[in-house]
Amino acid sequence: MTEYRLGVIGDPIDHSLSPQIHNLFAEQTNLKIDYQPYRVLSENLNSFVKDFFESGGDGLNVTLPHKIQCSQIATSTSPIVDLIGAANTLKSTKKSKDIFAESTDGNGLIQDLQEKSKIGSANILILGAGGSALSIIPSIADCLPKNILLDNRSQEKIQPLIERFNNLTINNSIIDNIDHFEDDIDIVINATSAGFSGAFNWYRDLNLSKKTFFYDLSYTKDNSKTPFLNWAIQYSDNYSDGFGMLINQAALSYELWTGIMPGTTINKSDLIND
């Protein structure tokens, strides 16, 4: 039986659930894999990736802070990676020695979010203007929301995102700053890291209602709520953390490497041993 040599690279990496997730996928699909976490410093990233694939590696997941650099290391890239300038998955084509870069983050989000809220024709607000927001905007736009709105504590970071995507006219979605937007927000997505050093609070009032759905790209490893969701429950009972996105983006990576899409019905208790 063929064994796939796989891994996840980041700094830090001890927190990663990717090894447990992919080992569950392998059990489901009756494949043999060797999936390891690798803590890699930025200055060693190029040589690590080159050595990993030259020594027979098949695929790597990429987490912070290496997503941008890995998109530049690759010898070929998907259209989404070209658009956002970041990758979370690398695949080796051994015959051609090609290293292909893909991003499954956006579609991983959509697969989870669509099961929980209606995206089409919705007013969607993304909090944050960093790499996490960058990676999900194109996939959200593909679902034809009414508006994609951005807000960030550092306002100067918003305009480059608006210009990047509006210049490319992604499915004619309107991507704009939330300033002066008066309609109700249907979905709020937290793409910031704010709150993990304490309680989450946003710096200004938003047009929220009991119907607003709140989604946090972050997640906890148990049944507790993230700081963002603890903030959100004052407005609505409709919310979710990003655990489902984590599973779905991992499944898309696994499919890219093996050609088999695993099942994604995985609970936190399946991964965490108390």
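Heads up: numbering here begins at 1 and tracks the sequence.
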Side chain to side chain donor-acceptor pair (under 3.5 Å) evaluation trace for Asn123 with Asn147: CA-CA 5 Å; Asn123 291 318; Asn147 293 283; 2.8 Å; yes
Candidate pair Gln155 and Asn177, rule side chain to side chain donor-acceptor pair (under 3.5 Å), full reasoning: CA-CA 9 Å; Gln155 290 288 300; Asn177 195 318; 3.2 Å; yes
Derivation and outcome, ring pair (Phe, Tyr, Trp, His ring centres under 6.0 Å), residues Phe48 and Tyr38: CA-CA 10 Å; Phe48 177 89; Tyr38 300 99; 5.1 Å; yes
Residue pair Lys268, Phe243: steps toward the side chain to side chain contact (heavy atoms under 4.5 Å, CB included) verdict: CA-CA 8 Å; Lys268 292 180 182 180; Phe243 183 77; 3.7 Å; yes
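Here OG1 of Thr226 is found 9.0 Å from CZ of Phe200. Values are rounded to the nearest 0.5 Å. Taken from CD1 in Ile260 to OG1 in Thr29, the straight-line distance is 5.0 Å, to the nearest 0.5 Å. Interatomic distance, Ser269 OG to Asn223 CG, rounded to the nearest 0.5 Å: 8.0 Å. Within the model, atoms CZ of Arg153 and CD1 of Ile158 stand 11.5 Å from one another, a figure rounded to the nearest 0.5 Å. Put simply, OG1 on Thr93 and CG on Asp98 are 4.5 Å apart, with the number rounded to the nearest 0.5 Å. To the nearest 0.5 Å, atoms CD1 (Ile140) and CD1 (Ile175) are separated by 9.5 Å.
Shortest non-hydrogen contact noted between Lys67 and Val62 is CE-O, 3.4 Å. Residues Ala101 and Ser71 come closest through the heavy atom pair CB-CA, 4.5 Å. Here the shortest heavy-atom pairing between Leu90 and Trp257 reads O-NE1, 3.1 Å.
Neither Leu83 nor Phe100 shares a network with the other; the hydrophobic side chains, linked directly or stepwise wherever heavy atoms of I, L, V, M, F, W or Y lie under 4.5 Å apart, form separate groups for each. Under the 4.5 Å side-chain contact rule for hydrophobic residues, Tyr254 and Phe53 do not share a cluster. In terms of hydrophobic clustering, with Ile, Leu, Val, Met, Phe, Trp and Tyr side chains grouped at heavy-atom distances under 4.5 Å, Leu17 and Ile9 are assigned to different clusters. Taking hydrophobic clusters as Ile, Leu, Val, Met, Phe, Trp and Tyr residues chained together by side-chain heavy-atom distances below 4.5 Å, Leu144 does not share a cluster with Ile124. A continuous path of Ile, Leu, Val, Met, Phe, Trp and Tyr side chains, each step under 4.5 Å between heavy atoms, connects Leu127 with Tyr239, placing both in one hydrophobic cluster.
Using a 4.0 Å cut-off between charged nitrogen and carboxylate oxygen, Lys211 and Asp237 do not count as a salt-bridge pair. A salt bridge links Arg204 with Asp179: the distance from a Lys NZ or Arg NE/NH1/NH2 to an Asp or Glu carboxylate oxygen falls below 4.0 Å.
Using a 4.5 Å heavy-atom cutoff, the side chains of Asp11 and Val40 are not in contact. Counting only heavy atoms from C-beta outward, the side chains of Thr63 and Ile13 approach each other to under 4.5 Å. At a threshold of 4.5 Å between non-hydrogen side-chain atoms, the residues Ile162 and Leu150 count as touching. Taking 4.5 Å as the limit, every side-chain heavy atom of Phe25 sits out of range of all side-chain heavy atoms of Ile33. Put simply, the side chain of Leu125 reaches to within 4.5 Å of the side chain of Asp151, judged on heavy atoms. Side-chain atoms of Ser78 and Val81, non-hydrogen and from C-beta on, do get closer than 4.5 Å to each other. Between Ser76 and Ile99, the closest side-chain pair of non-hydrogen atoms is not below 4.5 Å. Looking only at side-chain heavy atoms (C-beta outward), Ile80 and Ile84 come within less than 4.5 Å of each other.
Looking only at distances, no side-chain donor or acceptor of Asn248 sits under 3.5 Å from a matching main-chain atom of Gln111. The backbone N or O of Leu271 lies less than 3.5 Å from no partner atom in the side chain of Lys221, so there is not a single donor-acceptor pair. One N or O on the side chain of Asn23 and one on the backbone of Pro19 form a donor-acceptor pair closer than 3.5 Å. Looking only at distances, no side-chain donor or acceptor of Ser117 sits under 3.5 Å from a matching main-chain atom of Leu113. At least one donor-acceptor pair closer than 3.5 Å links the side chain of Thr212 to the backbone N or O of Ser209. When atom types are taken as modelled, the side chain of Arg164 and the backbone of Gln159 share no donor-acceptor pair closer than 3.5 angstrom. Within the 3.5 Å criterion, the main-chain N or O of Ser92 finds no donor-acceptor partner in the side chain of Lys97. With hydrogens and angles disregarded, a donor-acceptor distance shorter than 3.5 Å links the side chain of Asp58 to the backbone of Arg5. Listed for the Ser139 side chain is no donor-acceptor partner under 3.5 Å among the backbone atoms of Ile136. The closest donor-acceptor contact from the side chain of Lys225 to the backbone of Asn230 lies at 3.5 Å or more, if one exists at all.
Below 30°, between 30° and 60°, or above 60°: for Tyr235 and Phe214 the angle between ring planes is below 30°, a parallel geometry. The aromatic rings of Tyr35 and His22 sit parallel to each other, their planes meeting at less than 30°, with 60° as the upper class boundary.
Side chain to side chain, Gln36 and Asp34 meet the donor-acceptor criterion of an N or O pair below 3.5 Å. Between the side chains of Ser240 and Lys116, at least one donor N or O sits under 3.5 Å from an acceptor N or O.
Annotation for Lys118: atom NZ does not count as buried by contact number, only 12 or fewer foreign heavy atoms lying within 6.0 Å. For CG of Asp222, the number of neighbouring non-hydrogen atoms (other residues, nucleotides, ligands) closer than 6.0 Å is greater than 12.
Take Gln69 and apply the side chain to side chain donor-acceptor pair (under 3.5 Å) test, not counting sequence neighbours, and it matches Asn46. Partners of Thr89 by side chain to side chain donor-acceptor pair (under 3.5 Å), not counting sequence neighbours, listed by chain and number: Ser253.
Exactly one residue among Leu252, Leu109, Asn61 makes a side-chain contact (heavy atoms from CB on, under 4.5 Å) with Thr104. That residue is Leu252.
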